[in-house]
Protein chains: 2
Amino acid sequence: MGSAKKLAERAHQEPDLNLNDTALHYLDTIYRLSERHGSASTTEIAAQLGVTPSGASIMLKRLAERGLVQLTPYRGAVLTEHGRRIALRTIRRHRLLEAFLYHVMGFAWHEVDEHAHALETVINERFEDRMDEMLGHPLRCPHGHLIPSKTGEMPVVNDVPLLSLPLHTRSVVRCIDTSRDDWLEYLGAQGLMPGCQLQVVEVAPYNGPVTLRTDAGETISLGRNMAELILVEPL
Amino acid sequence: MGSAKKLAERAHQEPDLNLNDTALHYLDTIYRLSERHGSASTTEIAAQLGVTPSGASIMLKRLAERGLVQLTPYRGAVLTEHGRRIALRTIRRHRLLEAFLYHVMGFAWHEVDEHAHALETVINERFEDRMDEMLGHPLRCPHGHLIPSKTGEMPVVNDVPLLSLPLHTRSVVRCIDTSRDDWLEYLGAQGLMPGCQLQVVEVAPYNGPVTLRTDAGETISLGRNMAELILVEPL
DNA sequence: AATCGAGTTTAGTTTGGCTTAAATTTGGCT
DNA sequence: AGCCAAATTTAAGCCAAACTAAACTCGATT
Ligand SMILES: [Mn+2]
Ligand SMILES: [Mn+2]
Ligand SMILES: [Mn+2]
Ligand SMILES: [Mn+2]
């Protein structure tokens with residue numbers, strides 16, 4: 001009985017005890033917040049999802065009962081292995097959707113996050129697979145974030161913060177690590193997106209502006225906060 | 001004040017007092033059922049949506065309060081003009097999605113309805129417009145159903161039931177009027193889909209089988225119930 | 001005219017996901 | 001050691017959308 005069910009689960013790849021979009025968005029959010037601090041606090045999760053901390057607290061307890069997150073009261077949440085697999089699937093769909101909306105449907109790169117977010121919990125596996133094929137199994141979304149494989153593994157890459165390199169090191173932009181659509185639109189208008197080659201020519205002190213030169217010879221000046229979002233691969 | 005709001009509504013084309021997907025599916029369903037009998041009964045609506053009649057009854061009352069349907073107790077529901085516009089928008093999105101899934105993404109024609117149904121209440125106007133452009137402003141979904149325009153008008157066509165024509169009249173299939181995916185798969189495998197040319201060569205009595213000959217010279221024999229779903233344009 | 005069954009509505013309850021307001025825990029600071 | 005502010009959880013309640021069970025309407029039939 002129990003083992004028959006387990007086999008079925010393994011064959012289907014996802015147990016997925018009827019998770020609705022609310023639960024999926026919680027898991028997705030916890031995963032992304034945990035990437036930074038190792039775990040996700042109730043308040044952070046609540047802020048991200050636009051609910052009150054008390055609402056998030058209640059929901060976290062439910063997710064813990066379902067074995068999707070491990071919750072230490074007053075200490076924050078971590079995904080269980082089961083929860084992590086489901087979160088990665090949602091993130092895969094989100095990023096594939098962004099790539100699909102951008103490359104196949106011609107949306108602007110600052111529009112795709114919002115729309116991918118609405119669709120990520122609605123599409124099914126067939127849709128996911130068709131996008132993946134049509135895009136040639138892409139490794140990254142249009143902003144450069146990594147797309148996990150169907151088996152839940154992240155591609156291994158070597159992205160480093162632009163500002164961690166010595167001045168004048170030539171490098172290729174790999175990721176613009178923000179989801180603020182107004183910043184994305186601005187940076188895109190400057191020609192700053194994954195694939196573009198550049199070097200840092202000056203970093204003004206006291207959190208002053210950062211001056212970049214692209215391989216096309218153009219000079220771009222950015223505030224420190226924006227420059228910190230740029231991840232590159234040195235040449 | 002009031003008139004400013006009305007202007008904004010007219011400019012945006014849809015007032016849409018925060019309708020969620022439940023309400024949109026009710027309106028969609030009422031529209032399609034009303035096409036047949038002029039109005040939709042509580043029980044029919046409930047069956048279509050997979051809820052109990054009592055549940056549908058309560059929901060219909062709420063839609064009536066919002067001015068979306070006109071409800072005569074014990075007599076069934078009709079859409080108001082406002083409700084009709086919203087229903088047509090959902091139907092437009094459903095059929096555009098079917099065409100998109102079929103022509104752009106390569107799904108089989110018996111798969112697209114289910115998936116379009118899940119997506120139809122999630123996509124936004126930009127997505128709708130992009131599909132429309134990519135598909136060259138199509139008039140019909142892959143099954144041949146008409147796609148309403150953005151302004152809520154149905155294309156005018158001249159589809160007649162295949163079985164209403166005299167024997168041996170040559171005609172082009174325009175619509176297979178069912179949403180049963182198993183029937184669609186079967187008919188598709190016989191080569192029977194919009195665009196194919198054929199004539200009826202025999203109609204057996206007592207609800208017996210219907211024999212068709214395609215322009216490719218093939219003979220197809222169908223039960224009456226399936227043959228009745230075929231709409232054509234005589235040549 | 002009275003009755004009956006199908007169709008429909010109402011009453012009462014449940015569930016999920018949230019809210020505000022009131023405890024409670026925690027870690028840092030005097 | 002004791003206290004405070006911030007973070008967190010609990011308590012109580014709201015709302016949409018469903019359910020089951022019971023009551024009601026309608027029209028058709030006797
Ligand atoms: Mn998302
Ligand atoms: Mn992205
Ligand atoms: Mn639909
Ligand atoms: Mn169709």
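Everything numeric in this text was worked out from a predicted model, so none of it was measured.
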Checking A/Ser54 against A/Thr52 for the side chain to side chain donor-acceptor pair (under 3.5 Å) test, could you report, in this order, the C-alpha distance in whole Å, the side-chain angles of both residues, the deciding distance, and whether it holds? CA-CA 5 Å; A/Ser54 41; A/Thr52 60; 3.2 Å; yes
Distance from A/His117 atom NE2 to A/Leu97 atom CG, nearest 0.5 Å? 12.0 Å
Going by the rule side-chain contact (heavy atoms from CB on, under 4.5 Å), which residues pair with [X] if we only count those two or more places apart in sequence or in a different chain?
X        : answer
A/Ser34  : A/Ile30, A/Ala40
A/Ala47  : none
B/Asp129 : B/Glu125, B/Lys150

How many Å lie between [atom1] on [X] and [atom2] on [N], as a whole number?
X       : N      : atom1 : atom2 : answer
B/Leu19 : D/dA16 : CG    : C1'   : 14 Å
B/Leu49 : D/dA17 : CG    : P     : 12 Å
B/Glu65 : D/dA17 : CD    : P     : 12 Å

Mind grabbing the angle between the end helix axes of the helix from C/dA1-D/dT30 to C/dT30-D/dA1? Five pairs an end, 10° rounding. 30°
Which salt bridge (Lys or Arg N to Asp or Glu O under 4.0 Å) pairs, counting each pair once, include a residue from residues 23-52 of chain B, with sequence neighbours left out? B/Asp28-B/Arg32
Nucleotides 18-25 of chain D: protein proximity per nucleotide (B base, S sugar-phosphate only, - neither; heavy atom, under 4.0 Å): SBBB--BS
Residues two or more places apart in sequence or in another chain: which of them pass ring-ring contact (aromatic ring centres under 6.0 Å, His included) with B/His94? none
Tell me which residues in residues 29-48 of chain A lie within less than 4.0 Å of DNA chain D, going by non-hydrogen atoms. A/Ser41, A/Thr42, A/Thr43
Short side-chain N/O contact to D/dT10 OP1/OP2 from A/Lys61, under 4.0 Å: yes
Between A/Gln48 and A/His25, is any side-chain donor less than 3.5 angstrom from a side-chain acceptor? no
Could you work out, with side chain to side chain donor-acceptor pair (under 3.5 Å) as the rule, every residue matching A/Arg92, not counting sequence neighbours? A/Glu128, A/Asp132
Greater than 12 external heavy atoms within 6.0 Å of A/Glu114's CD: no
Got a sec, which pairs hit ring-ring contact (aromatic ring centres under 6.0 Å, His included) with one end in residues 36-58 of chain B, sequence neighbours left out? none
Do B/Leu119 and B/Arg93 pass the side-chain contact (heavy atoms from CB on, under 4.5 Å) test, and can you show the C-alpha distance, the side-chain angles, and the key distance before you say yes or no? CA-CA 9 Å; B/Leu119 293 169; B/Arg93 290 183 182 180; over 6 Å; no
Show me the pairs that pass side chain to side chain donor-acceptor pair (under 3.5 Å) and involve residues 65-74 of chain A, at least two apart or across chains. none
Hey, where on DNA chain C does chain A first and last touch, going 5' to 3'? Cut-off is any atom under 4.0 Å from a heavy atom. C/dG16 to C/dG27
